**Student:** 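Sharing a structure below in structure tokens format, with a few things to ask.
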2 protein chains.
Amino acid sequence: MNFNQVTIKDIARELGISPSTVSRALKDHPDISPETKRLVNELAEKLNYQPNVVALSLRSSKTNTIGVIIPEIVHFFFSTIISGIEDVAYSAGYNIIITQSNESLAREKSDLKALFNSRVDGMLMSISRETVDFEHIENILSKGMPIVFFDRIYDTPGSSKVIVDDKVGAKEATLHLIEQGCKRIAHLEGPPNLHISKQRLEGYREALSEAGLPFDESLVALCPKGTTEEGKLATEKLLSLKTKPDAIFASNDPAAMGAMQAIRQAGLKIPKDIAIVGFSNWQLSSLMEPPLSSVDQPGYEMGQEAARILIRHIELKSKKKPEPAPEVKLLKTRLIVRESSVKK
Amino acid sequence: MNFNQVTIKDIARELGISPSTVSRALKDHPDISPETKRLVNELAEKLNYQPNVVALSLRSSKTNTIGVIIPEIVHFFFSTIISGIEDVAYSAGYNIIITQSNESLAREKSDLKALFNSRVDGMLMSISRETVDFEHIENILSKGMPIVFFDRIYDTPGSSKVIVDDKVGAKEATLHLIEQGCKRIAHLEGPPNLHISKQRLEGYREALSEAGLPFDESLVALCPKGTTEEGKLATEKLLSLKTKPDAIFASNDPAAMGAMQAIRQAGLKIPKDIAIVGFSNWQLSSLMEPPLSSVDQPGYEMGQEAARILIRHIELKSKKKPEPAPEVKLLKTRLIVRESSVKK
DNA sequence: AAATTTACCGCAACTTGTTGCACAAACGGT
DNA sequence: ACCGTTTGTGCAACAAGTTGCGGTAAATTT
């Protein structure tokens, strides 16, 4: 688009000097006389000269842009991450280009390619539910593109990642339910090929094991998409068992909310008949009736941290420093106990 | 960043022809012989040649990038808008750069400038709560930057905008409460200098007037930020009136949820004692207890529509067509009646 | 056979800004 | 008066790709 912005040549022409002199004057190069610098800076100010970042990008092969690939934007946890990324990127002078895979592998591949072709300086990525092979990612990594994974990571040595301690978070949540006297604790499991789902299931098992409770396969219900509807259906099945569960630990809050609906509709009371703990601490968990206990994940910090690591790597790379060692940041969860899990 | 991507020159060197011939061959220019085209295309394929978009942008002064300025990313309604924008932009081959003003005027100005300097082809914008003068926006508009406003618009003739029919939505919600037999309907008013807040207040007044009910100043409580906390506090004040309201129409869902908390804590029943309708139809409104009636705003469609209008303007502009007339799109709301407002 | 047309390709300029190198003028020292 | 140094500036190449114009050789027309 032509916004007829003033260029360095306009200034040069007006002052009767060469573009290179103007360029140097603007950068306070010692070769240029103070008088020329003054003239150039004054005119630049007057004409509101702004350097053309596209030309700078072409010459320096640096776009000051970060690409973000995320499964869904409309998702409380992910949107807080984006917010954290944006704030850090803004402060460091980077733009962020957002793409959403919509949980589709094909779209993820396409986004990856598009961002690479946009010559972003680095990428932040959380993989889709469908992603089972990682060739497309390896391909980009092998070209030297710095990528920091967050939450839904590609778990390979050599990649930087920011994750939440899902296992410990799940364990704490389950132990909390055990402390409340629950004996038959069900688990609503998240998308099975995601690392985080496995970790949460594992934390749940560890807690049961530590407390000497049996692990009962029939009490684990899969919610492959993690939606409210799935949570509700899964819970209805659990409620039809001969011996009902007395607590549910859900892999995410929407599923937990679905569980609450199912329990209410079955005429049971929360937490008296069935206690519930969710995962993610969605904005509105506290507004449920009863307020939902949940494992809080620091999404904003996760976004900030991922952006900081990426920018650090980018700046090292552009200074031709040696390849920085991959960084792994493990963030702590925090169990927020509300009424949905407290048996008096 | 140097990802040593193959260039047109690499192909030219390898085939012993000039870069211009390669360029033309790749674009299927009639001047080039079929044989040369075949050779070039095969080698380009083999080397996985991808044109450098930065060089293309510099030459064509077009970046195929859209800038988005939004008050907050972590907000259900706004995130659905972003999602709609992203989907349309992706299909049309545009990248989107997201910035959030965090409801600050200073940040909004800074974002606007940064996006302009990034040479985006156009902008989509929803103004911050603080924005009262529009000089910074006029300044950019006057340079010929296409901008489409959405939801929180800069209401000036000559600008394109996508809005929801807030007045009609508010009126329908209020009329619905009146139909339920409510006589003293309170209103939780949103940030006062936003156009949408005024429209919703106006719709509320029109409904009262049509039904022959008096407009009572004391029943309108201001929620300048529209948060749950404010909604709760405002409702507590309303409940301390000599004659309590028998219904509340809130300017947004978080405030409505705050109102629900206050009502519950006062030992009153929803909807029996006080009926409630919110605005926005947040994802979790249906999960409230009782489920919250709300005016649904089509956020995804709004994002799509805004992006479509903007892209259309951008493409016309780049074809040097005459300045397109500003477009205004008014989207309809839909009242979702749930239990919180139905008196049996 | 000469003139004209056609097919095909390359040079060079252009987008904007940066930078190595060359060059001119002014100055100081002998 | 001559040489060497310093100071200040400009030329030209470069980043990657596009495109107007010109040129050559072969094909076609007269």
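All values reported here derive from a predicted model rather than from experimental measurement.
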**Student:** So if I take every side-chain heavy atom of A:Ile17 and compare against C:dT18, D:dG10, C:dC9, which nucleotide ends up nearest?
**Tutor:**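 Between C:dT18, D:dG10, C:dC9, the one nearest the side chain of A:Ile17 would be D:dG10.
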**Student:** Mind checking whether A:Asn48 and A:Val6 have side chains closer than 4.5 Å, heavy atoms only?
**Tutor:**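 They are not in contact (no side-chain heavy atoms under 4.5 Å apart), so the answer is no.
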**Student:** To the nearest Å, give me how far apart CZ (A:Arg119) and C1' (D:dA16) are.
**Tutor:**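 After rounding, the reported distance stands at 9 Å.
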**Student:** Can you tell me the distance, in whole Å, between the CG atom of B:Asp31 and the P atom of D:dT19?
**Tutor:**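 My rounded result for the distance is 13 Å.
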**Student:** What does B:Thr36 touch in the nucleic acid at a heavy-atom separation under 4.0 angstrom: a base, only the sugar-phosphate, or nothing?
**Tutor:**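 Answer is sugar-phosphate: B:Thr36 comes under 4.0 Å of backbone atoms only.
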**Student:** Check whether any side-chain N or O of B:Ser23 sits under 4.0 Å from OP1 or OP2 of D:dT19, and answer yes or no.
**Tutor:**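 For D:dT19, OP1/OP2 do not have a side-chain N/O of B:Ser23 under 4.0 Å.
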**Student:** To the nearest Å, how far apart are B:Ile32 CD1 and D:dT19 C1'?
**Tutor:**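 Result: 12 Å.
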**Student:** So, is B:Tyr49 close to the D:dA16 phosphate, meaning a side-chain N or O under 4.0 Å from OP1 or OP2?
**Tutor:**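 No, no such contact exists.
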**Student:** With respect to the side chain of B:Ser18, which nucleotide from C:dC11, C:dT16, D:dG17 is positioned closest?
**Tutor:**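 Shortest atom-to-atom distance from the side chain points to C:dC11.
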**Student:** Are any non-hydrogen side-chain atoms of A:Asp121 and A:Ile311 less than 4.5 angstrom apart?
**Tutor:**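 No, side chains not in contact.
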**Student:** Return the 5'-most residue of the pair A:Thr7, B:Pro34 with respect to DNA chain C, ranking by each residue's nearest nucleotide.
**Tutor:**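 In this pair, the answer is B:Pro34.
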**Student:** Taking CG from B:Leu26 and P from D:dT19, how many angstroms apart are they, rounded to a whole number?
**Tutor:**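 Taking atom P of D:dT19 as the reference, CG of B:Leu26 is at 13 Å.
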**Student:** Rounded off to whole Å, could you give me the CG-to-P distance for the B:Asp28 and D:dT18 pair?
**Tutor:**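 In whole Å, D:dT18 P lies 14 Å from B:Asp28 CG.
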**Student:** D:dT9 phosphate, OP1 or OP2: any side-chain N/O from A:Thr21 under 4.0 angstrom?
**Tutor:**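 So the side-chain polar atoms of A:Thr21 never come under 4.0 Å of the phosphate oxygens OP1 or OP2 of D:dT9.
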**Student:** Of the candidate nucleotides C:dA12, C:dT16, D:dA16, which contains the atom at the shortest distance from the side chain of B:Ala55?
**Tutor:**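 Within the option list, the nearest is D:dA16.
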**Student:** Whole Å only: how far is the CD atom of B:Gln50 from the P atom of D:dA16?
**Tutor:**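 It works out to 15 Å between those atoms.
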**Student:** Distance under 6.0 Å and angle within 45° of the ring axis: does B:Arg152 meet both against B:Phe78?
**Tutor:**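 Negative - B:Arg152 is either too far from the ring of B:Phe78 or too far off its axis.
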**Student:** Once you round it to whole Å, what is the distance between C1' of C:dC9 and NE2 of B:His29?
**Tutor:**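 It is 11 Å, rounded to the nearest whole Å.
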**Student:** B:Pro51 has a side chain; which of D:dG8, C:dG17, D:dG17 sits nearest to it?
**Tutor:**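 Nearest to the side-chain atoms of B:Pro51, counting from C-beta on, is D:dG17.
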**Student:** Do the side chains of B:Lys113 and B:His136 get nearer than 4.5 Å, heavy atoms only?
**Tutor:**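 No - every pair of side-chain heavy atoms lies 4.5 Å or more apart.
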**Student:** Kindly indicate whether the side chain of B:Ser20 and the base of C:dC11 share any N or O donor-acceptor pair separated by less than 3.5 Å?
**Tutor:**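 Such a pair is found, so the answer is yes.
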**Student:** With no angle test and no hydrogens, is the base of C:dG10 tied to the side chain of B:Arg24 by a donor-acceptor pair under 3.5 Å?
**Tutor:**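 Side chain to base: pair found, below 3.5 Å.
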**Student:** Does C:dG17 have its OP1 or OP2 closer than 4.0 Å to a side-chain nitrogen or oxygen of A:Lys9?
**Tutor:**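 Result: no.
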**Student:** What nucleic acid atoms does B:Leu58 come within less than 4.0 Å of, heavy atoms only: base, sugar-phosphate, or nothing?
**Tutor:**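 The answer is base, as B:Leu58 lies within the cut-off (heavy atoms under 4.0 Å) of a base atom.
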**Student:** Please report, rounded to the nearest Å, how far the C1' atom of D:dG17 is from the CD atom of B:Gln5.
**Tutor:**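 Atom-to-atom, B:Gln5 to D:dG17, this comes out as 15 Å.
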**Student:** Please work out whether the ring planes of B:Tyr154 and B:Phe134 are parallel, tilted or perpendicular, with thresholds of 30° and 60°.
**Tutor:**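 The rings of B:Tyr154 and B:Phe134 lie parallel, inter-plane angle below 30°.
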**Student:** Heavy atoms only, 4.0 Å cut-off, all strands: where does B:Asn52 land among base, sugar-phosphate and nothing?
**Tutor:**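 It contacts sugar-phosphate atoms only.
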**Student:** Could you tell me whether a side-chain N or O of B:Ser60 sits under 3.5 Å from a main-chain N or O of B:Leu56, the two making a donor and an acceptor?
**Tutor:**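 Yes.
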